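Because the structure is predicted, anything quoted here is derived from the model rather than measured.
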Amino acid sequence: MSDQYPGDTEFPPAPPAAASGSATPNVSPASEAPNSPLKPGNGLGLAALIVGIVALVFAFIPFVGVLAGFVAFVGVVLGVIALFLKGKAKGVAAAGAIVSAAALVLSIVMSIAYTAAFVTSVDEAIGGDTTAVDAANDAPADVDVEEPSDEPAPAPEPGTRENPAAIGTTVVIGPASAPDWQLTVGAPTLDANAIVAAENQFNEPAPEGMQWAMVPVTVTYVGTTTGTPWIDLSVKFVSADGTTHEEYDHSAVIPNDWSEINELYPDASATGNVAIAVPSADIANGAWVVSASLLGEDYFFKAS
C-alpha cells in the first residue's frame with residue numbers, strides 16, 4: 001500500500017505507451033461523418049421534360065403545331081420554375097426547359113411553313129380556275145361584227161391634254177364633292193426673260209435651252225371656310241415633249257407674285273403671277289396645268 005496524504009487526489013494509471021515502431025491509427029473526420037443525403041427529385045422539372053417531348057412530336061403535324069406551341073410554352077414555364085426550386089435536382093429541370101424551348105421554336109417555324117404551303121396551293125388552284133374561265137370567255141362567239149362607222153370620233157373633252165381649254169376660260173377646281181376655287185388663266189407671257197431680269201438684279205437667267213414664262217391667275221374662293229390659293233392650288237407647265245415644269249424648279253422674284261396672296265374668305269378674289277422656267281423648243285405647243293394640290297384632277301389650258 002502506497003502512502004497517501006490527506007488532500008491528495010487519486011488519478012487513474014496512465015495508459016501504456018505504444019510500442020516502438022507501431023503506427024498510430026489515422027482516423028479521417030470525413031469517415032466518421034454520416035453520408036450526405038441525396039437531393040430529392042424535381043417533379044416540375046420532370047413534368048417540363050415530358051411536356052416538351054410531347055410538344056416536340058406534335059410540332060411536326062400540320063395545323064396541330066399551333067397547339068403544340070402553346071404546350072411547349074407551358075413546358076418552358078414549368079422548366080424555369082423548376083430551376084429555381086431550392087434543394088431540388090436541376091438537371092431534369094434544365095433539360096425540360098431546353099426541350100420545351102426547342103419545341104416552341106420548331107412549332108412556330110413549322111406552322112409558318114405549313115401555312116405558306118397551304119396559301120400557295122390555294123392560290124394556284126384559284127389561278128388555274130380563273131385561267132380556265134378566261135379561256136372559255138376568250139373562245140370565239142357567233143356575234144355580228146359591226147361595220148366601221150363613217151362618223152368622226154368625238155373630240156376629247158375640253159381641259160384635257162389632247163384638247164386644252166382656251167386662255168380666259170373660267171373653271172371651278174377642288175374636291176369633286178365640293179369644289180372651292182374658281183380660277184381663270186389670263187394671257188401668258190411666254191418670253192418673260194426681260195421681265196424677270198428687270199424685277200431683281202439677283203434673279204438668275206433661265207437654264208440653257210429654257211426661258212422664263214409667266215402667266216397671271218385670277219382666283220375666287222367659293223368654299224365655306226377660308227383658303228390660300230398658292231397653298232391649295234398648283235400651277236405647272238407641260239412641254240410639247242411631255243415634261244412637267246413647276247414654279248419651284250427654279251425660283252425668281254417676279255412682279256405681283258401669287259405667293260404673296262394671303263388667306264381669302266368666301267367670295268374674295270385676287271390675281272397673281274406665276275413664273276416657270278420652261279423649254280424654249282416648241283413652247284407654243286405646251287400647256288398650262290392647274291389642279292388642286294391634294295387629290296385634284298389636272299385641268300389643261302393652251303400655252304397662249
Side-chain angles (χ1 to χ4, degrees), residues 159 161 164-175 179-304:
R161 188 170 177 230
I167 294 296
T169 302
T170 300
V171 296
V172 178
I173 294 178
D180 46 14
W181 288 101
Q182 182 177 288
L183 180 145
T184 304
V185 173
T189 303
L190 295 184
D191 187 358
N193 289 341
I195 298 175
V196 172
E199 182 65 20
N200 190 294
Q201 60 178 334
F202 297 106
N203 282 341
E204 296 183 357
E208 184 178 356
M210 305 182 77
Q211 64 191 56
W212 288 106
M214 190 165 64
V215 62
V217 179
T218 300
V219 293
T220 301
Y221 183 71
V222 295
T224 57
T225 55
T226 62
T228 306
W230 57 273
I231 295 177
D232 298 344
L233 302 174
S234 171
V235 179
K236 298 174 284 188
F237 186 88
V238 176
S239 69
D241 292 334
T243 57
T244 301
H245 306 271
E246 303 185 43
E247 56 181 318
Y248 304 111
D249 295 342
H250 305 280
S251 59
V253 178
I254 61 174
N256 195 24
D257 193 331
W258 89 319
S259 64
E260 297 174 358
I261 300 175
N262 293 327
E263 185 178 24
L264 299 180
Y265 282 79
D267 299 327
S269 299
T271 300
N273 291 323
V274 177
I276 302 176
V278 301
S280 301
D282 205 12
I283 187 173
N285 289 322
W288 299 98
V289 185
V290 296
S291 64
S293 298
L294 295 176
L295 303 176
E297 294 184 0
D298 292 339
Y299 196 93
F300 290 79
F301 292 86
K302 293 180 179 180
S304 60

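Side-chain contact between F301 and P164: absent, with no pair of heavy atoms (C-beta onward) separated by less than 4.5 Å.
In this structure, A303 and W288 approach most closely via the heavy-atom pair O-NE1, 2.9 Å. P255 approaches N273 most closely through the heavy-atom pair O-ND2, 2.9 Å. The shortest non-hydrogen separation linking L233 to A292 is CD2-CA, 4.2 Å. A pairwise comparison of heavy atoms in S269 and L264 identifies C-CD1, 4.4 Å as the closest pair. Pairing each heavy atom of W258 with each of P229, the nearest pair is CH2-O, 3.7 Å. The shortest heavy-atom contact between I261 and G272 is CD1-N, 4.0 Å.
To the nearest 0.5 Å, atoms CG (D180) and OG1 (T226) are separated by 10.0 Å. In this structure, F300 CZ and K236 NZ are separated by 8.0 Å, a value rounded to the nearest 0.5 Å. Distance check, rounded to the nearest 0.5 Å: CD of E199 to CG of D257 gives 9.5 Å. Remark: I195 CD1 to W212 CH2 distance equals 12.5 Å, nearest 0.5 Å. Separating the CG atom in L183 from the OG1 atom in T170 is a distance of 8.0 Å, to the nearest 0.5 Å. Between the CG atom in D232 and the CD1 atom in I173 there is a gap of 11.5 Å [rounded to 0.5 Å].
Within the 3.5 Å criterion, the main-chain N or O of A197 finds no donor-acceptor partner in the side chain of N203. Not one N or O on the side chain of D241 forms a donor-acceptor pair closer than 3.5 Å with the backbone of T243. For Q211 (side chain) and L190 (main-chain N/O), a donor-acceptor pair under 3.5 Å exists by modelled atom type.
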Would I254 and V196 satisfy side-chain contact (heavy atoms from CB on, under 4.5 Å), going step by step from the backbone distance to the final call? CA-CA 6 Å; I254 61 174; V196 172; 4.2 Å; yes

Applying side-chain contact (heavy atoms from CB on, under 4.5 Å) to F237 and I283, what does each step give before you reach the verdict? CA-CA 10 Å; F237 186 88; I283 187 173; 4.0 Å; yes

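Residues forming a ring-ring contact (aromatic ring centres under 6.0 Å, His included) with W230 (at least two apart in sequence, or on another chain): none. For H250, the side chain to side chain donor-acceptor pair (under 3.5 Å) test picks out no residue, with sequence neighbours left out.
For CD of E263, the number of neighbouring non-hydrogen atoms (other residues, nucleotides, ligands) closer than 6.0 Å is greater than 12.
Of the candidates M210, H245, M214, I276 forms a side chain to side chain contact (heavy atoms under 4.5 Å, CB included) with just one, namely H245.
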